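Here the structure is a predicted model, which is why all the values come from computation and not from measurement. Within every chain, numbering begins at 1; the chains are lettered A, B, ... in the order of the sequence lines, protein sequences first and strands thereafter.
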There are 2 protein chains.
Amino acid sequence: MSKELPPWEKAREEFVAQWGSLGTQWGINRTMAQIHALLMTAPEPMCTDEVMEKLQISRGNAHTNLKELVAWNLVRIITHKGDRKEYFEAEKDVWKIFITISKERKRREIEPAIRLLRDCAAQTKDEAAGPGRDFHQQMKDLDEFLSFGVKVGDTVISMKHASALQWAMRLLG
Amino acid sequence: MSKELPPWEKAREEFVAQWGSLGTQWGINRTMAQIHALLMTAPEPMCTDEVMEKLQISRGNAHTNLKELVAWNLVRIITHKGDRKEYFEAEKDVWKIFITISKERKRREIEPAIRLLRDCAAQTKDEAAGPGRDFHQQMKDLDEFLSFGVKVGDTVISMKHASALQWAMRLLG
DNA sequence: TCACGTTTTCATTAAAAACTGAAAATATCG
DNA sequence: CGATATTTTCAGTTTTTAATGAAAACGTGA
């Protein structure tokens, strides 16, 4: 059934398949990672049916994961006049992808953790000594570390790629 | 059935439960995250039975996840003479935890991704124009970005906590 | 408004991941 | 070497997560 694929499409298929596996280790749904890989390497925006066809998945699955990628701001919807289909286009700029993922993970994963740590610290702020005091301190240490990390992250993602690069180069130099 | 818990243990139980939930979002097994939270806040090293009891889980589950945490270098095994049980103790220093997790994620998640990107780039290095050339470039861009990130990460994790802090402060200042 | 192309939802099914508990293996001591 | 304490494994089960496909909802143009 398979027809002559251009050689680069061969590599692309490997990329899509493997990126999907890697995604699962990152706690990301395999299909979502595959669609992202597919769109990142798509010469043109793709519609749902094209994604279904390329990945051999159902409409519901394609739809759900495309919309999830849109919710992550990693993919945007394109429409052409005179065509009521939606086309999907992934951000390809690596620095922008990085910033987007960083922001999203901060919001979904780091900030809830910080809230938890502060809550637990608050609950034990009167512990004067012993294990209770140690627990309180541990919560504060973790909070402080994550909060500082967020601050650094915020600074970096507010930078232009070139400035961030320059700054990082200074560290390495 | 529940007896008087010291107030700090109340907060601890919330921490353990919630840290478990947060862990799943990070792609980490819930029980593993809970055990880690438990040990990070344990005044003394704990044995398998204590972990089973605290979290109400089976021996097999406790065992597997404790050993997994040891494999991550987040937990170490302690033995006392005259007692053949193994006790488990988590690293509590936030900076050390960060370094350990960073190294492990680099090894498990970033490096395989870089290998994939290089492979796909190599397969398409002769593409002279068009979509094939764009694909090749995209692979190279992603590789370059991740590799640079690894370099920065390596530099940071080779630093003492104080030096890293000072360096980051300069960025924020 | 109706017909049609498209998107969205969701009950059901399938697949993957996590967990249990008990048996087997291992280690330690007299 | 037994006897005993502890760790490790793993077949079977449960729980969770993801995927399917068909029906419903939506939106647009005639």
Would you please classify the geometry between the A:His161 ring and the A:Trp95 ring as parallel, tilted or perpendicular, with 30° and 60° separating the classes? parallel
Here the distance between atom P of C:dT6 and atom CD of A:Glu50, to the nearest Å, is 12 Å
Describe the nucleic acid contact of A:Arg59 in one word from base, sugar-phosphate, nothing, applying a heavy-atom distance below 4.0 Å. base
Point-to-point distance, once rounded to the nearest 0.5 Å, from CG of B:Asp143 to CZ of B:Arg118: 4.0 Å
Measure the distance from CZ on A:Phe88 to P on C:dT7 and round it to the nearest whole Å. 7 Å
Can you tell me the distance, in whole Å, between the CG atom of A:Asp83 and the C1' atom of D:dG29? 14 Å
Nucleic acid contacts - residues 60-69 of chain A versus DNA chain D, non-hydrogen atoms under 4.0 Å: A:Gly60, A:Asn61, A:Asn65
Using whole Å, what does the distance between atom C1' of nucleotide C:dT20 and atom CZ of B:Arg30 come to? 17 Å
Is the closest side-chain heavy-atom distance between B:Ile114 and B:Ile110 below 4.5 Å? yes
Find the distance B:Met52:CE to C:dT20:C1' and express it as a whole number of Å. 10 Å
Charged N to carboxylate O below 4.0 Å: is that the case for B:Glu109 and B:Arg105? yes
Roughly how far, to the nearest 0.5 Å, is the NZ atom of B:Lys67 from the CZ atom of B:Phe88? 5.0 Å
Upstream residue (5' side of DNA chain C) when A:Glu86 and A:Thr24 are each assigned their closest nucleotide: A:Glu86
Assess whether one donor atom and one acceptor atom, taken from the side chain of A:Arg84 and the base of C:dT6, lie less than 3.5 Å apart. no
Option passing side chain to side chain donor-acceptor pair (under 3.5 Å) with B:His136 (candidates B:Thr124, B:Asp126, B:Asp141): B:Thr124
Over how many whole Å does the gap from A:Lys85 atom NZ to C:dT7 atom C1' extend? 12 Å
Would you indicate, yes or no, if D:dT6 has its OP1 or OP2 atom less than 4.0 angstrom from a side-chain nitrogen or oxygen of B:Thr48? no
Salt-bridge criterion met for A:Asp154 and A:Lys106 (N-O under 4.0 Å): yes
Send over the distance from A:Ile77 CD1 to C:dT6 P, rounded to a whole Å. 15 Å
Whole-Å distance between C:dC19 P and B:Leu55 CG? 11 Å
